[in-house]
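This report concerns only the one structure given below.
This one's a predicted model, so the numbers in the text were calculated from it and none came from an experiment. Side-chain atoms are counted along with the backbone in the values below, which use heavy atoms only and exclude waters and symmetry mates.
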Amino acid sequence: GPPGAGKSIVALTAALLWQARGGGAVNIATITKQLQRQYTGYGLPIVGTVWGRSGYECVRLGPPETCEGAPCSLVLEDEMFDEEQGACKFKAGGCHYYDAKFRALYAPIRILNYHYFMATAHEFGYGKRSQSSPDTMLVCDESHLAEQAVMSAAEAFLSYHQLDSLGIRQPPYRDLVELSDVWVDEALDKIKKAMIQFEAVGDWKATARLERLKRRLHNLRRTDDKIFNDDGIRLLARPIWGSGYAESLLWAHATTVVLMSATPGSDWYIEQTLGIRPQDRLVLNSVFPVANRPCYIWPIAPVSHRSSAEDREHAFKVIDWILSRYSGKGVVHTGSYRLAREYVQKTQWKSRLVYHDSQGTEAVVRSFIQSDPFQGRVLVSPVVGTGFDCSDLAFQVIAKVPFPDLGDEVVLARKKDLPVTYGGAAALSVVQAYGRAVRNETWKGDTWITDSNITHLLKSQKAMFSRYFTEAVQWVSGRVPER
């Protein structure tokens, strides 16, 4: 369902109906703490939420230490209350993390983020193959980001410095398909011995680091569909598709799955990326009037890394003209930091612009959201096309269709494997960015798309564009009016 369809309320209603009909626990997985809080904000007493250990201060170690590296994270569950085994007495009560976790475990409806659910599915999810457990439901909110979460959970990152310090030889990753199990078993044995030594002297931080390394090593047991990047300092192994891992990480822990998103994609796209084919599809209508959220498509020039300087200059001139029409807040979605920097340098509206590099995103975006709309600030960014919620935008410009970066070897492999998914991903990103302009039923915000690549994308990826988007499209032609 699109913005304004009330997806969170629909999810909670479905969960309540599921349980009223005898269903078991419902896990609602989403992508951010902000969205988790949105669910708990309705005040239902049967809803519990918890996030990862790093989000809680450790009572035993004291600030600024979090529960992520606390001793309790290394104690077996059947020893969790046995202080003679090194367990923490606060697990029985008083630990911020475990108090929240136990409340969530005993709640009929649990609100979790994807990474936490996948890491604790043996506790929160009962599984299709468990005959003694009641049926369980998994609701995947923002499901267009579920594959990204799965792929992140399935990747392996290895520091050569850390391996050398443990006496572990570098992985023969070029022959890893044949040698992975042998090498992983050898590495795990050395890590186990090192953990015993660190635990003996109470170095819980070092022990926690090795525990995380163990988890990453297990991800190397499957290497047939991974891309390996070796820069001499580290080895990064990333899966090409999430579909091969989603079953074990997500679907095996529920008997019924509900996918929710403003941009879920077509059935074939979901099957290719997540390995699951929807049986039913419910399309919700937005309560946001179409007149309040027009999408003006002005295909002035193609914008990409191959674009000529003349095409980019023409595009910048159009964007400047659009900015001249609005005195309120706006966003220019550039698709890349390179294009953002170039526009900031050449625009005539420098005094209005707010720009960030790859390091300062959070602080700049937060400051922009909190700024007075009468200041008319304009955020220039390549990374706020999704998960960005600003309730008082007057306009936004999609200056570049956000195709995935072909400089990324995983993206390139996906395109070679199934070319149509490359355009499909771009189409979903366009619709997500469009949804940033209007966030409530009374607000009016205009969207402009100036990259002429949108024309072919609308034709080739018709199934990927929702009615919420297509019904708002208005085509614009002609050159930039002279001022």
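Using modelled atom types, no side-chain atom of K400 and backbone atom of T450 make a donor-acceptor pair closer than 3.5 Å. Looking only at distances, a side-chain donor or acceptor of R414 sits under 3.5 Å from a matching main-chain atom of I240. Listed for the S367 side chain is no donor-acceptor partner under 3.5 Å among the backbone atoms of V364. Proximity of a side-chain donor or acceptor of E471 to a complementary backbone N or O of V290 within less than 3.5 Å is not detected. The backbone N or O of R293 sits less than 3.5 Å from a side-chain atom of Y434, completing a donor-acceptor pair. The backbone N or O of C58 lies less than 3.5 Å from no partner atom in the side chain of E65, so there is not a single donor-acceptor pair. When atom types are taken as modelled, the side chain of R110 and the backbone of A107 share a donor-acceptor pair closer than 3.5 angstrom. A donor-acceptor pair is defined here as one N or O able to donate and one able to accept, closer than 3.5 Å; such a pair exists between the side chain of R352 and the backbone of L323. S143 contributes no side-chain N or O that, together with a main-chain N or O of A146, makes up a donor-acceptor pair within less than 3.5 Å. No donor-acceptor pair under 3.5 Å is formed between the side chain of N27 and the backbone N or O of L112.
Taking each heavy atom of S358 and Y337 in turn, the nearest pair found is CA-OH, 3.4 Å. The heavy-atom pair separating L138 from L250 by the smallest distance is CD2-O, 3.9 Å. When every heavy atom of V59 is checked against every heavy atom of C95, the shortest pair comes out as CG2-CA, 4.3 Å. Across all their heavy atoms, W18 and A25 have their closest contact at NE1-O, 4.2 Å. For the residue pair Y245 and P239, the shortest heavy atom distance occurs at CE1-CB, 3.5 Å. P294 and D446 get closest at one heavy-atom pair: CG-OD1, 3.2 Å.
Between V420 and W268 the shortest side-chain heavy-atom distance falls below 4.5 Å. Contact of the Y422 side chain with the V411 side chain is registered, since non-hydrogen atoms from C-beta on lie closer than 4.5 Å. L457 is listed as a side-chain neighbour of F403, based on a closest heavy-atom distance under 4.5 Å. In this structure, the side chains of L259 and P264 stay at 4.5 Å or more apart for every pair of heavy atoms. Side-chain contact check for V150 versus M118: some heavy-atom pair is nearer than 4.5 Å. Between V257 and W251, some side-chain heavy-atom pair lies under the 4.5 Å cut-off. F228 is not listed as a side-chain neighbour of L236, based on a closest heavy-atom distance of 4.5 Å or more. Contact annotation: the side chain of I109 approaches that of Q19 to within less than 4.5 Å [non-hydrogen atoms, C-beta and beyond].
Within 6.0 Å of the CZ atom in R277, the count of heavy atoms belonging to other residues, nucleotides or ligands exceeds 12. The number of heavy atoms from other shown groups lying within 6.0 Å of OH (Y42) is above 12. More than 12 heavy atoms of other residues, nucleotides or ligands sit less than 6.0 Å from atom CZ of R216. More than 12 heavy atoms of other residues, nucleotides or ligands sit less than 6.0 Å from atom NZ of K444. At most 12 heavy atoms of other shown residues, nucleotides or ligands fall within 6.0 angstrom of atom NE2 in H456. Residue-environment remark: NZ (K33) exceeds the threshold of 12 foreign heavy atoms within 6.0 Å. Counting non-hydrogen atoms of neighbouring residues, nucleotides and ligands closer than 6.0 angstrom, the CZ atom of R212 exceeds 12 such neighbours.
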Task: Pair L353-Y343, side-chain contact (heavy atoms from CB on, under 4.5 Å): steps then yes or no - done: CA-CA 10 Å; L353 300 189; Y343 176 66; 4.1 Å; yes
TODO: Give the intermediate values and the outcome of side-chain contact (heavy atoms from CB on, under 4.5 Å) for residues V473 and Y296.
DONE: CA-CA 6 Å; V473 168; Y296 301 108; over 6 Å; no
Task: Audit row: M260, V139, side-chain contact (heavy atoms from CB on, under 4.5 Å) steps and yes/no - done: CA-CA 7 Å; M260 294 198 318; V139 179; 4.1 Å; yes
- [ ] Applying ring pair (Phe, Tyr, Trp, His ring centres under 6.0 Å), run through W51 and Y116 and close with a yes or a no.
- [x] CA-CA 6 Å; W51 37 78; Y116 189 83; 9.7 Å; no
- [ ] Show your reasoning for whether side-chain contact (heavy atoms from CB on, under 4.5 Å) applies to Y39 and I28.
- [x] CA-CA 9 Å; Y39 278 98; I28 300 178; 3.8 Å; yes
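In this structure, CG on L17 lies 9.0 Å from CE on M137, to the nearest 0.5 angstrom. Taking CZ from F388 and CD1 from I369, the interatomic distance works out to 4.5 Å, rounded to the nearest 0.5 Å. Interatomic distance, M195 CE to T207 OG1, rounded to the nearest 0.5 Å: 6.0 Å. Going from atom CG of N453 over to atom CD1 of I449 covers 11.5 Å, rounded to the nearest 0.5 Å. Residue F469 holds its CZ atom at 11.5 Å from CG of L428, rounded to the nearest 0.5 Å. Here the CD-CD1 distance, from E271 to I276, works out to 9.5 Å after rounding to the nearest 0.5 Å.
When only modelled atom types and interatomic distance are considered, S54 and E68 share no side-chain donor-acceptor pair under 3.5 Å. Using a 3.5 Å distance cut-off with no hydrogens or angles, the side chains of N219 and E155 do not pair a donor with an acceptor. Counted by atom type alone, S243 and W241 present zero donor-acceptor pairs between their side chains at under 3.5 Å. No hydrogens or angles considered: nothing links the side chains of E57 and H96 as a donor-acceptor pair under 3.5 Å. Side chain to side chain, R53 and Y98 meet the donor-acceptor criterion of an N or O pair below 3.5 Å. Side-chain contact, S381 with H356: a donor N or O sits under 3.5 Å from an acceptor N or O. Remark: the S8 side chain and the Q38 side chain contain an N/O donor-acceptor pair separated by less than 3.5 Å. Side chains of D99 and Y56: no donor on one and acceptor on the other come within 3.5 Å. Side-chain contact of Q432 with T263: a donor-acceptor pair under 3.5 Å is present, judged by distance alone.
Between D267 and R281 there is a salt bridge, with a side-chain nitrogen of the basic residue lying less than 4.0 Å from a carboxylate oxygen of the acidic one. Look at E409 and R238 and you find no salt bridge, because none of the NZ, NE, NH1 or NH2 atoms lies under 4.0 Å from a carboxylate O.
The aromatic rings of Y326 and F395 lie parallel to each other, with less than 30° between the two planes, well short of the 60° mark.
Across H333, K329, R436, a single residue satisfies side chain to side chain donor-acceptor pair (under 3.5 Å) together with Q396, and that is H333.
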